[in-house]
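One structure is given here, and the rest of the page talks about it.
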Amino acid sequence: MGTRAARARTSPPLPAPMVAPPLLLLLLLAAVSFSRAAAAGARVVGEDYVRPPPARPHRKALLSIFPWSKKEASASDPQQVHISLAGEKHMRITWITDDNSAPSVVDYGTKEGAYTMTSQGESTSYSYLLYSSGKIHHVVIGPLEDNTIYYYRCGGQGPEFQFKTPPSQFPLSLAVVGDLGQTSWTKSTLDHIKQCEHDMLLLPGDLSYADFMQHLWDSFGTLVEPLASTRPWMVTEGNHEKEHIPFLESGFQSYNARWKMPYEESGSTSNLYYSFEVAGAHIIMLGSYTDYDESSDQYAWLKADLAKVDRKKTPWLMVLLHAPWYNSNWAHQGEGDSMMAAMEPLLYAAHVDMVIAGHVHAYERAERVYNGRLDPCGAVHITIGDGGNREGLAHRYRNPKPAWSVFREASFGHGELKIMNSTHAHWTWHRNDDEEPVRTDDVWINSLAGSGCIQEGSSELRKILMSP
């Protein structure tokens with residue numbers, strides 16, 4: 001201490017300060033003002049928000065791109081485990097093995113290490129150019145108790161997994177994320193979702209961004225397994241799931257083989273569109289990249305599905321699809337227009353509460369809207385294609401902002417929808433460079449089932465659903 005103090009006293013005097021140019025002074029004052037605002041807890045949100053640069057070089061390259069990065073495992077051990085709903089009180093367990101002789105069987109029970117029930121299922125595989133998949137297992141288990149933790153083992157060996165079934169009634173908590181990919185941005189988003197309490201995850205398309213490189217489907221399955229093996233992941237396809245090569249490969253091969261959804265259970269003939277019910281919500285997953293005009297199978301199925309909805313049993317009615325219908329970002333302008341022209345009257349007639357889309361790599365929330373105009377009986381539209389994909393963010397929004405657009409921001413993140421009861425739900429959006437509890441967008445949504453829209457709805461619109 002004495003030596004340092006002596007050195008300080010004998011140090012040569014500092015040179016006289018230089019006079020800063022006016023521009024430098026202004027920059028210094030601006031920096032001080034910004035620092036004070038930050039210290040005071042001021043937060044910039046919405047279009048004015050500029051995502052800060054990462055603290056260290058941000059690796060945009062896909063994770064686990066090299067085959068040798070794969071963990072050593074027995075050929076019969078389960079890999080890429082994920083679960084999804086498979087009809088009322090049933091769950092589908094999906095995994096992959098390198099061993100083609102591994103059995104498609106799941107042992108499960110409600111106590112750790114004690115498997116009192118067993119279910120057998122089916123398996124499939126596919127080849128794509130020079131790639132051959134492992135054995136893809138799909139096993140449906142149940143009936144299951146609601147809101148209960150189950151422990152399970154795949155293929156009769158390997159590690160034990162566990163999942164929690166959704167509740168049978170409100171409150172219901174849904175995590176929502178789109179255009180996920182496999183970057184370090186993706187990892188940050190998944191870490192946020194892991195922190196939030198949720199009963200299920202909804203993903204409106206663009207999962208792995210494999211884009212013809214099939215081993216990236218495997219690395220994606222490994223990346224999401226810690227979350228997707230513990231809560232059901234309900235997904236629909238995006239444009240990056242197509243992987244169609246004319247004259248060589250048909251589209252959606254990997255997606256359909258790996259991510260089987262409950263389409264048969266909901267009366268659909270295609271894995272690209274289906275519906276399911278959880279607690280008091282009826283949720284419809286539509287396909288933006290299969291036929292949807294009035295003569296299509298999807299259109300006919302949607303009419304039939306909407307006509308069966310009982311709003312007393314499921315007061316909340318939601319739709320997810322990939323290409324947004326209401327989008328004020330310059331990215332992907334108009335790509336959902338033809339599907340909207342065909343199907344929006346159906347959703348309006350059925351009084352759909354929310355339509356959630358991806359595709360645009362930014363976040364946007366709209367007021368209730370129909371036919372391009374504000375409408376108290378229309379749907380709340382949300383675009384959430386900001387999970388963390390390698391293509392980056394869509395920064396440019398159209399101005400002036402449309403009357404129906406409430407909040408828009410180009411950043412990565414995820415949404416959380418907590419349906420509290422038959423009339424009220426709480427929607428929040430969390431950008432992934434904040435702490436997860438920070439809510440960048442926060443709004444309460446009232447269901448149309450609790451409004452006068454259903455009771456006062458036009459009989460002409462209802463006829464749309466009932467017409468042949």
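Since the structure is predicted, the reported quantities are computational estimates derived from the model, not experimental observations.
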(message) Using the side-chain contact (heavy atoms from CB on, under 4.5 Å) definition, which of the options Ile356, Ile382, Leu201 pairs with Val176?
(response) Ile356

For a quick check under 3.5 Å, do [X] and [Y] share a side-chain donor-acceptor pair by atom type?
{"X": "His332", "Y": "Glu335", "answer": "yes"}
{"X": "Asp375", "Y": "Tyr348", "answer": "yes"}
{"X": "Asp305", "Y": "His282", "answer": "yes"}
{"X": "Ser123", "Y": "His137", "answer": "no"}
{"X": "Asp211", "Y": "His240", "answer": "yes"}
{"X": "Lys260", "Y": "Asn271", "answer": "no"}
{"X": "Glu243", "Y": "Gln214", "answer": "yes"}
{"X": "Ser173", "Y": "Asp199", "answer": "no"}
{"X": "His198", "Y": "Glu416", "answer": "no"}
{"X": "Ser328", "Y": "Arg408", "answer": "yes"}
{"X": "Arg431", "Y": "Tyr363", "answer": "no"}

Distance from [X] atom [atom1] to [Y] atom [atom2], nearest 0.5 Å?
{"X": "Leu180", "Y": "Tyr209", "atom1": "CG", "atom2": "OH", "answer": "9.0 Å"}
{"X": "Ile284", "Y": "Met343", "atom1": "CD1", "atom2": "CE", "answer": "10.0 Å"}
{"X": "Ile141", "Y": "Lys89", "atom1": "CD1", "atom2": "NZ", "answer": "13.5 Å"}
{"X": "Glu237", "Y": "Ser288", "atom1": "CD", "atom2": "OG", "answer": "6.5 Å"}
{"X": "Ile419", "Y": "Ile445", "atom1": "CD1", "atom2": "CD1", "answer": "9.5 Å"}

Could you tell me whether the side chain of [Y] reaches within less than 4.5 Å of the side chain of [X], counting heavy atoms only?
{"X": "Val319", "Y": "Leu347", "result": "yes"}
{"X": "Leu203", "Y": "Thr236", "result": "no"}
{"X": "Asn446", "Y": "Thr423", "result": "no"}
{"X": "Trp325", "Y": "Asp337", "result": "no"}
{"X": "Arg153", "Y": "Val106", "result": "no"}
{"X": "Ser229", "Y": "Trp95", "result": "no"}
{"X": "Leu174", "Y": "Ile283", "result": "yes"}
{"X": "Leu144", "Y": "Tyr150", "result": "yes"}

(message) For His361 and Asp386: C-alpha separation, side-chain torsions, deciding distance, then whether side-chain contact (heavy atoms from CB on, under 4.5 Å) applies.
(response) CA-CA 5 Å; His361 300 162; Asp386 56 358; 5.7 Å; no

Between [X] and [Y], what is the shortest heavy-atom contact and its length?
{"X": "Pro167", "Y": "Val278", "value": "O-CG2, 4.5 Å"}
{"X": "Asp218", "Y": "Gln80", "value": "OD1-NE2, 3.0 Å"}
{"X": "Gly387", "Y": "Thr189", "value": "O-OG1, 2.7 Å"}
{"X": "Leu216", "Y": "Ser208", "value": "O-CB, 4.1 Å"}
{"X": "Tyr151", "Y": "Glu160", "value": "CD2-OE1, 3.6 Å"}
{"X": "Ile384", "Y": "Pro204", "value": "CG2-CG, 4.4 Å"}

What is the ring orientation for [X] with [Y], classed by angle as parallel under 30°, tilted 30 to 60°, or perpendicular over 60°?
{"X": "Phe220", "Y": "Trp259", "answer": "tilted"}
{"X": "Trp404", "Y": "Tyr326", "answer": "perpendicular"}
{"X": "His322", "Y": "Tyr289", "answer": "tilted"}
{"X": "Tyr273", "Y": "Trp301", "answer": "tilted"}

(request) Examine Tyr152 together with Tyr115 and report whether their ring centres are nearer than 6.0 Å. (result) no

So, [X] and [Y], do they make that salt bridge, N to O below 4.0 Å?
{"X": "Glu265", "Y": "Arg92", "result": "yes"}
{"X": "Asp442", "Y": "Arg439", "result": "yes"}
{"X": "Asp353", "Y": "Arg368", "result": "yes"}

(request) Tell me, with the steps shown, if His414 and His430 meet ring-ring contact (aromatic ring centres under 6.0 Å, His included). (result) CA-CA 6 Å; His414 76 283; His430 308 247; 5.1 Å; yes

Should we count [atom1] of [X] as having more than 12 external heavy atoms under 6.0 Å?
{"X": "Gln333", "atom1": "CD", "answer": "yes"}
{"X": "Lys401", "atom1": "NZ", "answer": "yes"}
{"X": "Lys418", "atom1": "NZ", "answer": "no"}

(request) Let me see the working for Gln182 and Ser219 under side-chain hydrogen bond (donor to acceptor under 3.5 Å, both in side chains), right down to the final yes or no. (result) CA-CA 8 Å; Gln182 303 180 62; Ser219 60; 2.6 Å; yes

Is a side-chain N or O of [X] found less than 3.5 angstrom from the main chain of [Y], in a donor-acceptor match?
{"X": "His395", "Y": "Ser411", "answer": "no"}
{"X": "Trp316", "Y": "Ala425", "answer": "no"}
{"X": "Gln169", "Y": "Ala279", "answer": "no"}

(message) Let's go through Met318 and Leu417 carefully: what are the C-alpha distance in whole Å and the side-chain angles of both, what is the deciding distance for side-chain contact (heavy atoms from CB on, under 4.5 Å) to 0.1 Å, and is it a yes or a no?
(response) CA-CA 11 Å; Met318 300 168 54; Leu417 181 66; 3.7 Å; yes

(request) Show the numbers, then the answer: is there a ring-ring contact (aromatic ring centres under 6.0 Å, His included) between His426 and Trp444? (result) CA-CA 5 Å; His426 188 208; Trp444 283 91; 4.6 Å; yes

(request) Could you walk me through whether Thr165 and Glu145 pass the side-chain hydrogen bond (donor to acceptor under 3.5 Å, both in side chains) test, one step at a time? (result) CA-CA 7 Å; Thr165 54; Glu145 296 295 324; over 6 Å; no

(request) May I have the step-by-step check of side-chain contact (heavy atoms from CB on, under 4.5 Å) for Arg258 and Ile136, ending in yes or no? (result) CA-CA 7 Å; Arg258 296 168 183 266; Ile136 305 170; 4.0 Å; yes

(request) Go through Leu227 and Lys194 one step at a time and tell me if the side-chain contact (heavy atoms from CB on, under 4.5 Å) criterion holds. (result) CA-CA 7 Å; Leu227 287 179; Lys194 185 177 181 180; 3.8 Å; yes

(request) List the steps, then state whether side-chain hydrogen bond (donor to acceptor under 3.5 Å, both in side chains) holds for Asp293 with Tyr299. (result) CA-CA 6 Å; Asp293 60 32; Tyr299 185 92; over 6 Å; no

